[in-house]
2 protein chains.
Amino acid sequence: MDFHYDKISEAVIRRLTDYLRCVRIASSSGETLLTSKDISETCGLKPSIIRKDLALFGAYGIKGQGYNTNELTYHLNNILGLNNIKDVILIGAGHLGTAIARYPGFINANFNFIAAFDNDPEKIGGNIGHTNIYSIKELNKYIKENQIEIIVLAVPSSAASGIVENLDSNIVKGILNFTSMVFPGRMNDMYVHNIDLAKELEVISYCMKNCLT
Amino acid sequence: MDFHYDKISEAVIRRLTDYLRCVRIASSSGETLLTSKDISETCGLKPSIIRKDLALFGAYGIKGQGYNTNELTYHLNNILGLNNIKDVILIGAGHLGTAIARYPGFINANFNFIAAFDNDPEKIGGNIGHTNIYSIKELNKYIKENQIEIIVLAVPSSAASGIVENLDSNIVKGILNFTSMVFPGRMNDMYVHNIDLAKELEVISYCMKNCLT
DNA sequence: TTGTGAAAGTTATAACTTTCACATAGTCAA
DNA sequence: TTGACTATGTGAAAGTTATAACTTTCACAA
């Protein structure tokens, strides 16, 4: 598989995740063949960019027919690195953390919440589904022993910096930050993505205010 | 306020929301003056693009000094339309819906969850903080009587299409979709933004797999 | 086996975005 | 009052991305 990785922008990758969702929806309703036009109608992009994005990674389509949903699912998962189950841990088992751990999208993408951590004695020892909740004091030990590469952060914002600064960046490679603290995208070789649930609503607010298309 | 709205891209607007978060953080730690370099170090962008973005909407900075945090907060909120409180309703009062309604980011952005709706008899009549939970059967009546423009959707994916299709698009202007169903960005004049909590983790997965910077 | 139609893959170009570098102007200290 | 300093605002250039239009190839039917 020789992808032209060096030329691929993050915008392309983001769109691939959209295509994947569209294919999942189509698959689940029994479709076996999907055209770039079909995908475009679901996710609101133009067919040409969908074809171009997919062609960057190889010719997966059947000319004159479209894309086979199973094949496309496999290839998209493969490109994104989602074909293998990956263990992640959750830090912060409050309302948001709980909702995240139960969110079906993580399961679809093969992410497995192997453990959760909190500082609330009432939560420690409990669980979220099959995910046990441990004391935050055991966090770094757990990361080291289990070589945890990906962390989902859903603690109060005030606690975020302290936790991130103490992570062992030789082991942890990715952080998904749901707090209101902002971290730069790259910190000591760790990828950090900040997610603000309200962000999209702020964008909608602007669009509504200015009557944009 | 004559902004050059027609020329502003969504990418700019998304960055403005980042700047706003950076300014909030700086303000809360007592800073009164912030340079484009300061902001760049927090959010991982280049100072030049920050200056350019802000200059699109007017000259808010003080040459040789930087940007006054209070003024910048005001202007950013004003540009995005966040200076006034806006009522939104939540559809789906499960784990995710509850977490969303309690998420501090919505309060910061002046969004007020005025009501929630669910079909679970055990939840109806209850509340999330100060937000009462009503039966989903009353949804459209409530939207009409209270002229609700913005909706946050956090129901199971299978229920999403049915709800969206029945919304009165003469009243509702914006939908924040947290389900795994995908809707195009524009539907009958309604702005729809799909949020997949797992999306950013999928992007991180790709970055990790390919050792990108 | 061959012809037709349909949609993938590809290319060239226009449109847009980012970046650099510098002139500008405000601040502060002497 | 003056001069040095600093970071903004801006214009031009470079770089990037999306789009339309085009070519290719596959599948199916006659």
Side-chain angles (χ1 to χ4, degrees), chain A residues 2-16 18-19 22-23 26 31-73 75-76 79 184-185 212-213, chain B residues 2-16 18-19 22-23 26 31-72 75-76 79 184-186 212-213:
Chain A
D2 60 324
F3 302 153
H4 323 117
Y5 285 133
D6 31 300
K7 312 216 97 197
I8 311 291
S9 71
E10 193 175 309
V12 174
I13 301 306
R14 302 197 105 81
R15 284 196 299 268
L16 293 188
D18 291 339
Y19 306 155
C22 291
V23 181
E31 314 271 352
T32 56
L33 210 57
L34 215 51
T35 68
S36 58
K37 187 155 171 285
D38 294 335
I39 300 175
S40 79
E41 280 162 6
T42 307
C43 70
L45 296 163
K46 306 228 166 140
S48 56
I49 201 169
I50 295 168
R51 292 200 302 276
K52 195 157 188 260
D53 284 344
L54 295 176
L56 276 173
F57 298 92
Y60 303 145
I62 308 158
K63 292 192 177 186
Q65 303 295 108
Y67 300 88
N68 177 285
T69 51
N70 287 340
E71 266 191 54
L72 193 50
T73 303
H75 284 301
L76 288 171
I79 294 164
L212 300 184
T213 47
Chain B
D2 61 324
F3 302 153
H4 323 118
Y5 285 135
D6 32 298
K7 312 218 94 194
I8 311 291
S9 72
E10 192 174 309
V12 174
I13 300 305
R14 301 198 106 81
R15 284 196 298 269
L16 293 189
D18 292 338
Y19 307 154
C22 293
V23 181
E31 314 272 351
T32 57
L33 211 56
L34 215 52
T35 68
S36 59
K37 186 154 171 286
D38 294 335
I39 299 175
S40 79
E41 280 162 4
T42 307
C43 69
L45 296 164
K46 303 225 169 144
S48 56
I49 202 169
I50 295 168
R51 292 202 301 277
K52 190 140 242 183
D53 283 345
L54 295 176
L56 277 173
F57 298 93
Y60 302 146
I62 308 158
K63 291 198 174 186
Q65 303 294 109
Y67 300 87
N68 176 285
T69 51
N70 286 340
E71 266 190 55
L72 193 50
H75 284 301
L76 287 171
I79 293 163
R186 210 71 201 278
L212 301 185
T213 46

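A, B, ... follow the sequence lines: proteins, then strands. Residue 1 opens every chain.
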Which nucleotide in the list [options] gets nearest to the side chain of [X]?
X	options	value
A:Ala55	C:dT17, D:dT17, C:dG9	C:dG9
A:Arg51	C:dT19, C:dG9, D:dA20	C:dG9
A:Thr35	D:dG9, C:dA7, D:dT19	C:dA7

Gap between atoms [atom1] and [atom2], on [X] and [N] respectively (whole Å):
X	N	atom1	atom2	result
A:Phe57	C:dA8	CZ	P	17 Å
A:Arg14	D:dT17	CZ	P	14 Å
A:Ile49	C:dA7	CD1	P	20 Å
A:Ile50	C:dA7	CD1	C1'	13 Å
B:Leu54	D:dG9	CG	C1'	11 Å
B:Glu10	C:dT17	CD	P	11 Å
B:Lys46	D:dG15	NZ	P	12 Å
A:Lys63	C:dA7	NZ	P	14 Å

Practice problem: With DNA chain D as reference, determine whether B:Gly64 or B:Tyr67 sits nearer its 5' end, using the nearest nucleotide of each. | Solution: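 Residue closer to the 5' terminus by nearest nucleotide: B:Gly64.
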
Quiz item: On DNA chain D, nearest-nucleotide positions of A:Ile62 versus A:Asp53: which is more 5'?
Solution: A:Asp53

Quiz item: Measuring from A:Thr73:OG1 to A:Asn68:CG, what's the distance to the nearest 0.5 Å?
Solution: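 Between atom OG1 of A:Thr73 and atom CG of A:Asn68 there are 8.5 Å.
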
Practice problem: Mind checking A:Gly61 for me? I need base, sugar-phosphate or nothing, with any heavy atom below 4.0 Å counting as a touch. | Solution: sugar-phosphate

Practice problem: Scan A:Lys52 against the nucleic acid and name what it touches under 4.0 Å (heavy atoms): base, sugar-phosphate only, or nothing. | Solution: base

Quiz item: Just wondering, do A:Leu34 and A:Tyr19 contact through their side chains at under 4.5 Å, heavy atoms?
Solution: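 No. Closest side-chain heavy atoms not under 4.5 Å.
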
Quiz item: Nearest heavy-atom pair of A:Gly66 and A:Leu33: which atoms, and what distance?
Solution: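 In terms of heavy atoms, the two residues are closest at C-CD1, 4.3 Å.
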
Quiz item: Where do B:Ser36 and B:Arg51 come nearest, in terms of heavy atoms and distance?
Solution: OG-NH1, 3.4 Å

So, is [X] close to the [N] phosphate, meaning a side-chain N or O under 4.0 Å from OP1 or OP2?
X	N	result
B:Ser36	D:dA7	no
B:Ser48	C:dA21	no
B:Arg15	C:dT17	no

Practice problem: Between B:Gln65 and A:Gly66, name the one whose nearest nucleotide on DNA chain C is closer to the 5' end. | Solution: A:Gly66

Quiz prompt | Matching residue for B:Tyr67 among B:Leu54, B:Asp38, B:Val23 - test: side-chain contact (heavy atoms from CB on, under 4.5 Å) | solution =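 It is B:Leu54, the one option of B:Leu54, B:Asp38, B:Val23 that forms the side-chain contact (heavy atoms from CB on, under 4.5 Å) with B:Tyr67.
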
